[in-house]
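All of these numbers come straight from a predicted model, not from anything done at the bench. Each chain gets a letter, A, B and so on, in the order the sequences are listed, and its residues count up from 1. Just so you know, these numbers use all the heavy atoms, side chains as well, and skip hydrogens, waters and symmetry mates.
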Amino acid sequence: MKIMDILATDAVILNLGAREKRDVLADMSQALAKVEPQIEAERLLEVLLEREALQSTGIGEGVAIPHGKMVGLDRLVASFARNPDGVDFDAIDGQPTHHFFLLVVPEHSGGQYLKALARISRFFRDAAFRQKLVEADSVDDVIRAIEQEDAKL
Amino acid sequence: MDQKRYVIMGAGEVGRHLARALSVEGHAVTLIDSNPAKRQIVEEQLDVGFVLGNGSHVPTLEASEVGACDLFVAVSGSDEANLVASLLAKKVGASRTVVRVATSEYITKYGSTYEKTFRADLLLSTQLLTTTRILNNVLGYNTIDIEYLAGGALQVRRTTVEAGSILHERRLADVDLPKDCLVLAFLSSGRLQVPTGNDRAQPGDDALVLGTTEAIDELERRVSGHSLDLGLVVIAGGGSTAHAVAQGLEGHTKRLKIIESDRTRAELLAAEFPNYEIIHGDATDMSALAAEGVGKAETFIALTGHDETNLMACLLAQELGARRMTALVRKSETSSLWHKIALLDVVSPRSLAAERIRSYIDSNYESHIISFENASAQFIQRRVYEHSPAAGGRLADIEIPQGLIVAAILRNGKAIIPRGDDKLQVGDAVVLFVDRSEAGTASLLFPGVDEE
């Protein structure tokens with residue numbers, strides 16, 4: 001599975017203004033709902049918050065991977081947002097979070113869900129990949145960085 | 001060589017032995033002991049610092065500069081004081097701690113609970129080390145370490161792979177593993193490798209195996225090629241170590257006799273081991289040993305509370321014709337002498353503890369892979385919730401990252417070693433084996449708090 005196959009490039013946000021965890025998720029949900037008719041922003045926000053309540057998806061090193069399942073969706077959808085200032089996302093290492101990679105999947109997606117999560121998690125473990133996202137000046141730069149990782153694995 | 005700083009609580013045999021070895025190599029060592037008489041012994045015999053005081057009090061730890069040490073070792077005579085000292089040492093800044101406890105019960109059921117609560121990087125039990133060594137001798141195993149998980153339902157055994165072992169001769173995919181056990185990793189010079197089916201161990205590597213005690217015993221039998229029947233085994237002494245050894249031998253021999261001098265104790269053992277023959281008698285009485293057929297014993301193990309009794313009993317057993325003798329000798333200074341006099345295995349609990357701590361230090365703290373803090377890989381136990389991404393997933397789909405293994409599922413009070421087709425259900429608890437690099441992925445797929 002390639003991450004580029006599921007990334008909604010029109011929903012990518014390079015300068016996310018939100019400063020609170022909830023607002024980050026709300027802004028990303030709205031951006032995704034605008035380009036994906038199957039997604040309703042408020043319902044997606046609920047799903048993401050339910051999952052965050054279990055444990056933050058902030059996996060450290062400035063990265064969070066919010067995710068959840070949605071009834072009525074027929075395929076996996078992802079989006080990316082960046083906040084250069086960093087947001088307190090209750091990350092496991094206690095550090096501010098800069099990179100947000102959102103994944104939403106159909107209710108019955110089986111192994112695809114876990115494969116996608118594990119794959120994204122692996123991308124972000126690479127410090128060089130994170131640096132490329134920090135330095136990206138355009139959505140095209142982000143796409144290029146992801147395409148390069150997709151080609152590696 | 002870098003000079004390291006070690007602080008050792010307890011100037012008993014283990015503490016002094018370690019302090020001597022480490023200071024001779026040029027490291028800075030401080031011993032802590034509350035007994036003023038120990039100060040003189042230490043100052044006369046060793047070139048190390050000494051702090052008089054109770055190691056489970058913060059002022060003593062601060063006076064010993066525990067906050068600046070590379071390793072804090074708690075090996076005093078009190079299990080409780082050692083555990084508390086570990087926690088306090090971490091609070092005042094120690095980077096790593098080792099805790100020695102006497103009894104094995106701290107480890108066999110609640111090991112990870114004690115390790116986490118008292119923040120010990122390595123928790124070891126002299127009794128467990130002793131039992132393990134004796135069982136290795138008797139069964140031909142190469143066990144180095146045993147850790148217990150899920151309240152004792154599962155164990156992780158670290159065992160050395162020898163040339164000729166099936167774990168070396170075959171690819172892992174071709175090894176006929178018993179049900180309910182799993183090879184988690186190979187350790188090669190302290191480096192952990194999670195194997196694929198195509199990998200095999202090299203001689204001298206260690207294998208980390210998880211499973212039920214019975215399944216791992218079965219695997220060790222297949223690996224060692226030893227026969228099932230050990231012949232007659234006679235144990236002199238019926239204390240707690242003998243009890244643990246007898247338990248470990250269950251299923252390996254049908255003929256086991258225990259000679260115990262205390263009648264009440266003998267009756268207790270008889271009630272607990274109905275298949276074994278428990279004899280009330282004196283293990284240093286030659287005619288009594290002869291009458292019990294010790295001359296025909298394949299294995300004679302002397303585990304009474306007295307070194308002299310153990311050695312005497314072994315000499316008599318040897319004279320009668322027993323094949324292999326093992327003696328428990330608590331005073332480690334004399335154990336080498338005894339080894340010279342008679343052809344016997346001498347097991348010294350204190351030497352075993354000192355050796356184990358030494359190998360932990362020498363491997364740059366990697367030899368204890370399963371520890372809670374600072375480890376390169378660890379076990380965590382998580383619950384599967386409705387909103388966990390892994391809920392309802394097939395294991396074959398989850399094991400994408402190589403450093404993340406669902407080692408066991410705890411369901412309805414039973415531990416299951418899963419296969420790829422097993423599905424995770426909401427309400428299951430899972431035991432995960434997680435490489436440090438995959439800790440984030442583990443938290444993504446299995447969100448929630450660590451469970452015991």
Can you confirm whether more than 12 heavy atoms, excluding those of [X], are under 6.0 Å from its [atom1] atom?
{"X": "B/E386", "atom1": "CD", "result": "no"}
{"X": "B/R171", "atom1": "CZ", "result": "yes"}
{"X": "A/D85", "atom1": "CG", "result": "yes"}
{"X": "A/K34", "atom1": "NZ", "result": "no"}
{"X": "A/E20", "atom1": "CD", "result": "no"}
{"X": "B/K4", "atom1": "NZ", "result": "yes"}

- Query: Is it the backbone or the side chain of B/R382 that comes under 4.5 Å from a heavy atom of chain A, or both, or neither?
  - Reply: side chain
- Item | Contact class of B/A442 relative to chain A, heavy atoms under 4.5 angstrom | neither
- Query: Which pair of non-hydrogen atoms, one from B/T441 and one from A/S121, has the smallest distance, and what is that distance?
  - Reply: OG1-OG, 2.6 Å
- Note on the structure: Contact list (residues 65-83 of chain A to chain B, heavy-atom gap under 4.5 Å, by number) returns A/I65, A/H67, A/K69
- Is there any residue in residues 39-64 of chain A with a non-hydrogen atom under 4.5 Å from a non-hydrogen atom of chain B, and which ones are they? A/E50, A/R51, A/L54, A/Q55, A/T57, A/I59
- Among A/I120, A/L117, A/I92, who wins on heavy-atom pairs under 4.5 Å with chain B? A/L117
- Message: With rounding to the nearest 0.5 angstrom, report the OH to CG distance, A/Y113 to B/L445.
- Response: 9.0 Å
- Report the residues that fulfil side chain to side chain donor-acceptor pair (under 3.5 Å) with B/Q193, sequence neighbours left out, ordered by chain and then residue number. B/D199
- Note on the structure: Contacts of B/R157 meeting side chain to side chain donor-acceptor pair (under 3.5 Å) (sequence neighbours excluded), chain-then-number -> B/Q155, B/D217, B/E220
